[in-house]
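Everything on this sheet refers to the single structure shown next.
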Amino acid sequence: MGDPFDLAAGWLQENLLIPALYQFGLMNWEDVSYNWALFALYGAAQVAVTFAVCLPLEHWRPVERWPDSKAVGVDVLYTVLSRVGILPLVTYVLFYRAQVSVSGWMTDQGWVPPTLEGLFPALLGQQVLTFVLYAVILDFSDFLRHFLSHQFRWWWALHSLHHAQRQMTFWSDDRNHVLDDLIAFVWFGVIALLIGVPPLQFPLLVLMLRFLESLSHANVRLSFGWLGDRLLISPRFHRAHHGVLGAGDRSCNYGSVLPWWDMLFRTADFSRDYVPTGDPSGEEALATGTWTQQQMAGLRRFARAFGRSHVRYGA
Amino acid sequence: MRRLCLLLSLCFTLPGFTARANAGGIAFVIDSAGAAVSVIDMATQKEVRRIPTLREPHHLILSPDGRSLLVGDTTGNQIMFLDPNTGEVKQRVPVTDPYQLAFSPNGKFLTVNGLARNQVDVYDAATMKLVKRFPVVATPSHLAYSPDSSIVFVSLQDSDKLAAFDLRTMTPKWTVPVGKTPAGVLWLNGKVLVADMGTDYIAVVDPETGKVLEHVETGKGAHNLFLSPDRKILWVNNRAGGTTVSMDAATLKPIRTYAIPGGPDDMDFAPNGKIWITRRWAEKVAVLDPATGTFETIEVGRSPHGLFLNPKGPAPAVVSSR
């Protein structure tokens, strides 16, 4: 019996995607469609697992209770678009071939893009260990990207959409401006060129990491304890990063999964306890607008960021 | 009891018995998404181990001297040389985006299609030095040579075209429209056959002019073409229809259609008359008995793609590599 995700993706491919592609004369997309089916199924599983675990947690020990949760609805849309829908497809189409092209060009110049397995041949075949090493490196690179997104006025203008949510829940993890997502994809692509990130070889482990990222945004009073909070990022730790006093360049706790980088660079703050979230300096539309309104408000703030150098951002 | 022992010891020393015990044959199946090559014992039809590749292998080809099996790893930007008898990794050579690859019949050239980089690279097969790079309009996918090794024909999958390159002058010969989504290419009886994945036919093309002479219906999403070892039967895998069709190689008349669901892709022929077919989205290889139309399945990795049978090779050792 094969992997159920693979078999389900194969079923989707054969019975839904291929007939549609054939009908519309798009059979040259058949490889992309299969990869999308896999992405989408793993994404749907991520959402389902996160929902099944986080929703009871949020009902059990919520940090905040709101009279209505309308603002959360948009975050659900962000999650679906990001994990199940169009974003994985766009990512694959845009970046897969670009990455192949650039890495191939580098090989032509006599510089073979390095990989961890190339540097340490003993890793070949040690898939889980290789993945763990890649995960640690990628988590560090994501920490750097995230830290920098708080330091540059124009970048913060985009990233502030993620911080605008006052009703932060496990759905808020994927709440990002599309340009901010684009930068993250390019960032990831560059890192992939430098260390050769493997493709979808470890989907279940990726699922677990994405679950932890979602959990860290959950509206729940949950800490992993003194030691646990220093090993993995908990909702308590990450909530401090989203606190109203932490917006912009004065934030803390920039890590995604591992708190080690914050501890190393002295940006960790373990003392803040379940603070209110949001970014008071942003337009209201960033917090409570529709998906389109939020994206437009982010763009406006992005444009303004280039013209108001005297104004301290994040204030 | 003594007689029984004598009989048994005699059996074990008989050449025929020894040959049967070892003559399983070894098969290699590429798992594109799983970054591995499955090693299969042909006798038991079981996967016995996986050879890890770097990133994303797709196709493989035996070297002209039969000593190496070349596995192209596209995003890994390397060709891995395996011992076709054991699967031992002998060498890794940096090559950009090696998707489909094939040696010319005279053994002089190795043509490598860089599908994602829109390039067709011709290497000196002996030295692995790049002789010529042909930029193409879109995604070079499959390839075939003329029997005299003078021309290589390459399907450009994201366009409607087939390209021909003259290997004597190292110049493009022609690039012409042949169908919606050209895929598999095969030289047969002085013509070039091109499977059109966007339609239900193969195009018969004049190798000199590139003119499409006729269309022959095979099934939805005609993907790849293979000639039986006796050169009498043409086999066509139809990707969208989930079928494999046998055709008379001389007349191109269909003989029989077999249901092979799960995206039939690559194919190879076993000496016992059975046909091995990778099923791209089913994590399986089908072993088709053309006489009965039934097939057995072999469980392999996530995305079985390129396939190579070495029936003369020894049965592979069972070694867990992961």
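In this text the structure is predicted, and so the values were computed from the model without any measurement. Worth knowing before you read on, the calculation uses all heavy atoms, side chains too, and leaves out hydrogens, waters and symmetry mates. So that the names make sense, note that chain A is the first sequence line, chain B the second, and so on, each numbered from 1.
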Heavy-atom contact with chain A under 4.5 Å, split by part of [X]:
X	answer
B/Ala282	backbone
B/Arg92	side chain
B/Asp200	both

### Query
What is the distance from atom OG of B/Ser32 to atom CG of A/Asp31, rounded to the nearest 0.5 Å?
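Separation between the atoms: 7.5 Å.
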
### Query
Got a second to check how far B/Asp158's CG is from A/Leu26's CG, nearest 0.5 Å?
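CG of A/Leu26 is found 10.5 Å from CG of B/Asp158.
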
For atom [atom1] of [X], is the number of surrounding heavy atoms from other residues, nucleotides or ligands below 6.0 Å larger than 12?
X	atom1	answer
A/Gln23	CD	no
B/Lys90	NZ	yes
A/Trp187	CH2	yes
B/Lys161	NZ	yes
A/Phe224	CZ	yes

### Query
Can any side-chain N or O of A/Glu14 pair as donor or acceptor with the backbone N or O of B/Gly262 at less than 3.5 Å?
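Here the side-chain-to-backbone pair exists.
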
### Task
Answer yes or no: is there an ion pair linking A/Glu117 with B/Arg55, defined by an N-O contact shorter than 4.0 Å?
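Looking at A/Glu117 and B/Arg55, the cut-off is met.
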
#### Entry: Passing option when A/Met27 is tested against B/Gln157, B/Arg239, B/Lys180 for side-chain contact (heavy atoms from CB on, under 4.5 Å)
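So, applying the side-chain contact (heavy atoms from CB on, under 4.5 Å) to A/Met27 and each of B/Gln157, B/Arg239, B/Lys180, only B/Arg239 qualifies.
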
### Query
Pick from B/Thr181, B/Val300, B/Asn118, B/Val95: which one has the most heavy-atom pairs with chain A under 4.5 Å?
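Most heavy-atom pairs under 4.5 Å with chain A: B/Thr181.
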
### Message
Out of B/Arg280, B/Lys284, B/Gln119, return the one with the most heavy atom pairs under 4.5 angstrom to chain A.
### Response
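Heavy-atom pairs under 4.5 Å are most numerous for B/Arg280.
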
### Query
Can you name the residues that form a ring pair (Phe, Tyr, Trp, His ring centres under 6.0 Å) with B/Phe81, not counting sequence neighbours?
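Ring pair (Phe, Tyr, Trp, His ring centres under 6.0 Å) check on B/Phe81 returns nothing, list empty.
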
### Stepwise side chain to side chain contact (heavy atoms under 4.5 Å, CB included) check, B/Glu283 with A/Leu7
CA-CA 7 Å; B/Glu283 297 188 306; A/Leu7 294 177; 3.5 Å; yes

### Verdict with reasoning, A/Ile18 to B/Trp281, per side chain to side chain contact (heavy atoms under 4.5 Å, CB included)
CA-CA 11 Å; A/Ile18 287 292; B/Trp281 312 308; 3.5 Å; yes

### Query
Between A/Tyr34, A/Tyr22, A/Trp11, which shows the greatest number of heavy-atom pairs under 4.5 Å with chain B?
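Maximum pair count with chain B is reached by A/Tyr22.
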
